[in-house]
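Throughout, protein chains are lettered first and strands after them, A, B, ... in sequence-line order, and every chain is numbered starting at 1.
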Amino acid sequence: MTATLGRDVVTALLAANLQLTRGGFTLDVQLTLAPGEVLALLGPNGSGKSTVLDLLAGLATPDTGTVTLDGATLTAPGRLVAPENRAIGLLGQEPLLFPHLSARANVAFALRFGEARLNAAPARVQADRWLDRVGLAGLGSSLPGALSGGQQQRVALARALAAGPRVLLLDEPMAALDAETAPFIRQLIREQLAETGTSAIIVTHDIVDAVVLAHRVAVLHHGTLIDEGTTAAVLAAPQNPFVAALAGVNLVVGTAQNGAVVAPDGRTFRVRPADAAALSPATPGAEAPAPAAAVFRPASVVVHTEQPRHASPRNVWSARVRGIEPGSGGVRLRTSGDPEVIAELTPAAVADLGLQVGSTVWLSVKATDVSAYRR
Amino acid sequence: MTATLGRDVVTALLAANLQLTRGGFTLDVQLTLAPGEVLALLGPNGSGKSTVLDLLAGLATPDTGTVTLDGATLTAPGRLVAPENRAIGLLGQEPLLFPHLSARANVAFALRFGEARLNAAPARVQADRWLDRVGLAGLGSSLPGALSGGQQQRVALARALAAGPRVLLLDEPMAALDAETAPFIRQLIREQLAETGTSAIIVTHDIVDAVVLAHRVAVLHHGTLIDEGTTAAVLAAPQNPFVAALAGVNLVVGTAQNGAVVAPDGRTFRVRPADAAALSPATPGAEAPAPAAAVFRPASVVVHTEQPRHASPRNVWSARVRGIEPGSGGVRLRTSGDPEVIAELTPAAVADLGLQVGSTVWLSVKATDVSAYRR
Amino acid sequence: APSNAADTVEPTATGLEPQTLSVYAAASLTGAFDEMAALLERENPAVDVQVSYDGSSTLATQIAAGAPADVFASADQKNMQPLADDALVGPATLFAGNTLRIAVAPGNPLRIENLADLARAGVITVLCAAQVPCGAASAALLSNAGVTLSPASEEQNVTAVVTKIASGEADAGLVYATDVAANPDRIDGVTPAGASEVVGHYPIAVVAGSAHAEAAQAFVDLVLSPAGQAVLAAHGFLAP
Amino acid sequence: MIPRLLYLPASIGLALLVLPLAGLLLKVDWAALPALLLSPEALQPLGLSLVTASVSTLLCLLLGVPLAVVIARSKPRAAGLLRALVTVPLVLPPLVGGIALLSLLGRGGVLGNTLELAGLRIPFTTAAVVIAQTFVALPFLVIAVEGALRTAGIRYERVAATLGAGRGTVFARITLPLVGPGLLAGTVLSFARALGEFGATALFAGNQVGVTRTMPLAIYTAFNGSGVTTDQAVALSLLLIAVAVIILVLVGTRRASVLS
Amino acid sequence: MIPRLLYLPASIGLALLVLPLAGLLLKVDWAALPALLLSPEALQPLGLSLVTASVSTLLCLLLGVPLAVVIARSKPRAAGLLRALVTVPLVLPPLVGGIALLSLLGRGGVLGNTLELAGLRIPFTTAAVVIAQTFVALPFLVIAVEGALRTAGIRYERVAATLGAGRGTVFARITLPLVGPGLLAGTVLSFARALGEFGATALFAGNQVGVTRTMPLAIYTAFNGSGVTTDQAVALSLLLIAVAVIILVLVGTRRASVLS
Ligand SMILES: Nc1ncnc2c1ncn2[C@@H]1O[C@H](COP(=O)(O)OP(=O)(O)OP(=O)(O)O)[C@@H](O)[C@H]1O
Ligand SMILES: Nc1ncnc2c1ncn2[C@@H]1O[C@H](COP(=O)(O)OP(=O)(O)OP(=O)(O)O)[C@@H](O)[C@H]1O
Ligand SMILES: [Mg+2]
Ligand SMILES: [Mg+2]
């Protein structure tokens, strides 16, 4: 085994090297996952994301290749540890609730026969707690057939989390959730993974999921990983149109301070009021700065050639233009700083302002346009 | 029958008045749909959206109530016109491709036995054309089991569109689509509905779908419609937290001119380069201005107390502050114009700039932050 | 067959030990052997006689497979001989004969008087299959009389022939005299010319290795005794 | 995915079904076999059996599939009753089925009299064999197909209806293909049952060479003739079994390929 | 959702199954019925039939469900072969099943000799009745359950496994409940078949009052008993049918409530 993309294999919890051909589709993927790490697996429809998860969970066998967890071989030529003995959980693309069991019993099943091995009575109690957490209090006795699509998805998610595996594979876990619920569920997944130290791979079509939930992003295309790295790095330099379509965000990974995010280079990003609260320490007073991330779209970055005044943006700083590149949504301006910030402008604006590589510019972003998350 | 929410019933193609109780869930909904009109049906999980569609399509029977299409009664006490005789199509929340038929045959089924009544051979040819339109050229011979989740969803959508009903009901048609494909498919739905003059109800959790596809929005909550009206009106004045969570966009309905959208009051909104192309007339020269819409988020609107200069935003105008209201993402500033534009600011920014109702302000929005669509 | 006459008769000196005697008998012996069993039980109140009736070949097959039979009474030699050859039964003795009758619907509505009438157009005739005892006898009878029939069916046993005629499905058929005697309300019998020439013979034997050899022999003796023969005669059987 | 523990009872079950057939093989007089199997006494009943069982199976399909659909789509209470009625003929001992058919279609039977007036007589004809076989085989087809229909559910039929397809189209193009495996299973079962039918046939149709003597009747006749040695009966049974196995395996692998 | 055209063949199918039974009713001597049905000649075989059929059905479940699971989860080719083997006993005419069982377990039979040495004799005992019934009823259960398993698929089993549940747990809590309707159907079918079993029993178990004379044998005996009419046989059949219908309807409505 060799280091993959610069990551030390010694730290890898899960390591996979998978080859598979199915009709005209060929998959060839190497990936690793560190303990507690969350990887977002992105890629267009039919690129093989669900197939990778199936192979990792032991629900499918690769033509060649291996899967190891904590050094133990799970999949290898002639060897396939059964899914139930892998400690790898999978929430598939369809909720697939057991149709003969109530919502409560579905979740209790995971608590009784998953990691926790609870008895029937405590499993029921815990199951109700889980249903409460996904916003389904009171629906515990409903059979899956009497639940709406989004409700089923939430039960399935609760069930997958409740099983308590060492590695959790989530295939579009936020699909079918309503706009009001989605952020809460996203937060729930984040907290649950962090609290239990569970490693996870999350398949998603929503870049927000990747930014909020994942430490690292891998992009699958026609069965091969075409891009891989920290979320910020991948988004900052999209390697193909798919990633570009997904990307379109600036990501500042820094520390939380007084409801704002401080970048490594000291810039302070004020964030929208709703998120600012979450960034403030629960108990006021001296506290180690918590890691946090701020996210805003390149299109939200206003570029000035003079220092802006009398304007609403809370975040204003100056930087130098590092690069001017055509992008899918206009012209992309890379500006100096740690991290670099991308601004997206129309060609007309670039011409108007006479921008060139090396120009000094003032950048502003409205706080209400900046989302933030604790990491 | 009486006019519903000010709409004249004479113009209604589809009119429904539905009551249903299922366990603890009660539905009570009145709605109408004009010929060619597209209605976005929004609402949290379990609010009854799918149930409404089932009732309209004749797959479920209401406890009481009626459904009429073009004056003919489809559902009434003791009368239930069969789904196949309703000319109402339904794309359900699950793709439900016929598992024994190839992707091509699935679509061809709709062409042979739906409105078109094509023969086998032309149906196959047309089906392949449909698969091409949803980006699945070459996968026609695949059985559903060999398609990925997103691919299945696209086939199901092609099948529903190909059936050519008078009214099409789409339940989360964009679910499971990848980020790169989604805009194309959204456009395809729009064009297809417009070309064929099909009325439609689209259930979605994504406000973009409502904005792009729908003329009107209805919001369902616990089985009752709590809000209803043009997309712009509903989003501008959210009546409950769910709508507020969804909303967060400014919508300018106007006409396309030189790749920009001109508002009713004459303001010109320049839009992101990718969309500008779509707004330009296909054949240059004199042409009646085409209806178009521009969309941007309140958080993208920068507020100045002096006219901004030397800055990138392409769209700059002055207005008066009409209202200052607390919002979920900060403070919402309503500013004059037709339409009103909402700007979202942090309380600190409002204080800093000394904003009050009546103040005159300069507003700017970057063109790269403005999406646009022909309507 | 439980006997309530048992208490009224005082036990004889030769009274046998308490035991259950299992007799396998051809189906046509049903009525006669029920009485035979009662007779033996009267003489030996401790003995319970169980008679199993079925086709002779079924019974023979079961005995060959080790069925717990003590006595075997067959409707023909063909099913007894192989058992005797394999020493699965003791020496066999013929104990009764049976002759054929033309069975017709009660009152003989079609006026069938002889074998030739069976060949009349419009008369539906059923026979036993040549492989079963009554069928073999029928074939012999018909060939003696020079009559060729095309029967509507070749039944697997006499009961089926009787049933078809009694139910009106068929108009006539050849059955045993004992069948006519046993079904007085359902069929009438016509004695064809030459019937006495073709006699089916019934052998009886004690099954080898019977756990109740003494009682079994007693049953065989009873069948062969004047009392037994009287019972058989009353059911329409001929002397062997 | 199979719990290990299940292999033991599964093997016992298989042994219970297969070993007696193997036992039968031991009884065969292999030297005499070829001549016997090629004799008209063997081939004629075999031909009749194959023809009548095929016709009966076809009848079962024509009558049974619609009946299965009606039951599967009935309200639970009605379905329960119909299902019970359909199952009853399974309980009938062979003989009783024959009596029942005779009492309906025989001379003096309710329908039999009417038919006779029309110049139609069913007992003792090949038609009677087919009716008897259909009577005993139909429940198999109905129950198998009904179960498959119920499991398949109506989700896809509903989708087809919302696409505008009429009931006939949906039935032919969606419903039937979806219950394909169940349909095939039911067909196999009813063909097998028809092929082995003896009791009702013997009483209702009789036993006439070339007209109503099917293989099971030939076997019984042979058994009655040869008695203890059972040689000929066993040989004929073997022929029947061999033909059945060939047909079942052929259909079975075809079915497998349909399923995969 | 049912195409109208189907109602006609469905009615004919139902008529074919039900009318012969109605014809049977016409043959009943109603005056003599009550006394006969309450006589020990009727009740003892009925009791024996119910007991043996219940035991056989239990055996079918214990052996047949595992066998069905193995077949349903086998590769297509192996499954096709196994399924054919399991179906063969259906083809056997009643008699041949008996011959086969005797040739295996009877005196001189392969297993029979071994058992005899161990002091065990199976033929002509109540155990033989149960074995004969199980032999003929087992295929029904296996085929019905196998079909249901195949239709249910393994999606839910896979989900259960990814949640960490072992195979036994998955089998008991997911697989079995999901094929519940198919299991019930199979149980009903095999019980009905066991209750009506005559041929193999007659040869393999014999016809001894209280030991092996089940209801079908009692009917046969009554039918063959010269001197009496078929009345008694018909009356006994009626009793058997009535009991069967009651059980089937009870189970059927229970089933309906399970399904709804
Ligand atoms: N049995 C099969 N035979 C041939 N091709 C198959 C088969 N199963 C899957 N595929 C192909 O494998 C590819 C990967 O499928 P997969 O479900 O892993 O995609 P995905 O990345 O999860 O897509 P989505 O975002 O739509 O869920 C698809 O192109 C699909 O058509
Ligand atoms: N058979 C039933 N018994 C009781 N409640 C039911 C039944 N079927 C549906 N419901 C309830 O009806 C409500 C509406 O369901 P519906 O599927 O219409 O919701 P929806 O708006 O489509 O939600 P989603 O966004 O999750 O798809 C849900 O709360 C659900 O629990
Ligand atoms: Mg997928
Ligand atoms: Mg829904």
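The CD1 atom of I143(D) sits 5.0 Å away from the CG atom of L189(E) when rounded to the nearest 0.5 Å. In this structure, CG in L24(E) is found 10.0 Å from CG in L104(D), a value given to the nearest 0.5 Å. Distance CD1/I2(D) to OG/S74(E): 6.0 Å, rounded to 0.5 Å.
Y220(D) is not listed as a side-chain neighbour of P93(E), based on a closest heavy-atom distance of 4.5 Å or more. Inter-residue side-chain proximity for F171(E) and L6(D) is flagged as met; some heavy-atom pair is nearer than 4.5 Å. L92(D) places a side-chain heavy atom less than 4.5 Å from the side chain of L21(E).
Taking L14(D), I241(D), V245(D) one by one and counting their heavy-atom pairs under 4.5 Å with chain E, the maximum is reached by L14(D). Taking chain D as the reference chain and counting heavy-atom pairs below 4.5 Å, the highest number among A84(E), G196(E), P20(E) is found for P20(E). In terms of heavy-atom pairs under 4.5 Å with chain E, the best-connected choice from L195(D), V96(D), L236(D) is V96(D). Ranked by heavy-atom pairs under 4.5 Å with chain D, the first of G112(E), A72(E), G23(E), G186(E) is G23(E). Of the listed residues (S237(D), A68(D), A194(D)), the greatest number of heavy-atom pairs within a distance under 4.5 Å of chain E belongs to S237(D). Counting heavy-atom pairs closer than 4.5 Å to chain D, the top-ranked of the candidates V243(E), I219(E), V91(E) is V91(E). Note: V88(D) leads V136(D), T175(D), V88(D) in heavy-atom pairs under 4.5 Å with chain E. Interface summary for chain E: among V179(D), L59(D), L90(D), the most heavy-atom pairs under 4.5 angstrom belong to L90(D). By number of non-hydrogen pairs under 4.5 angstrom with chain E, the leading residue of F140(D), F191(D), Y7(D) is F140(D).
Around CG of L25(D), the count of heavy atoms belonging to other residues, nucleotides or ligands within 6.0 Å exceeds 12. Within a 6.0 Å radius of CG in L26(D), other residues, nucleotides and ligands contribute more than 12 heavy atoms.
With a 4.5 angstrom heavy-atom cutoff, V18(D) touches chain E only via side-chain atoms. Using a 4.5 Å cut-off between heavy atoms, L101(D) contacts chain E through both its backbone and its side chain. At a 4.5 Å heavy-atom cutoff, the contact between L203(E) and chain D is made by side-chain atoms alone. Using a 4.5 Å cut-off between heavy atoms, L19(E) contacts chain D through both its backbone and its side chain. Using a 4.5 Å cut-off between heavy atoms, L17(E) contacts chain D through both its backbone and its side chain.
Residues G13(E) and L67(D) come closest through the heavy atom pair C-CD2, 4.0 Å.
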| message | Evaluate L85(E) against L248(D) for side chain to side chain contact (heavy atoms under 4.5 Å, CB included), listing each step before the verdict. | response | CA-CA 8 Å; L85(E) 283 178; L248(D) 292 175; over 6 Å; no
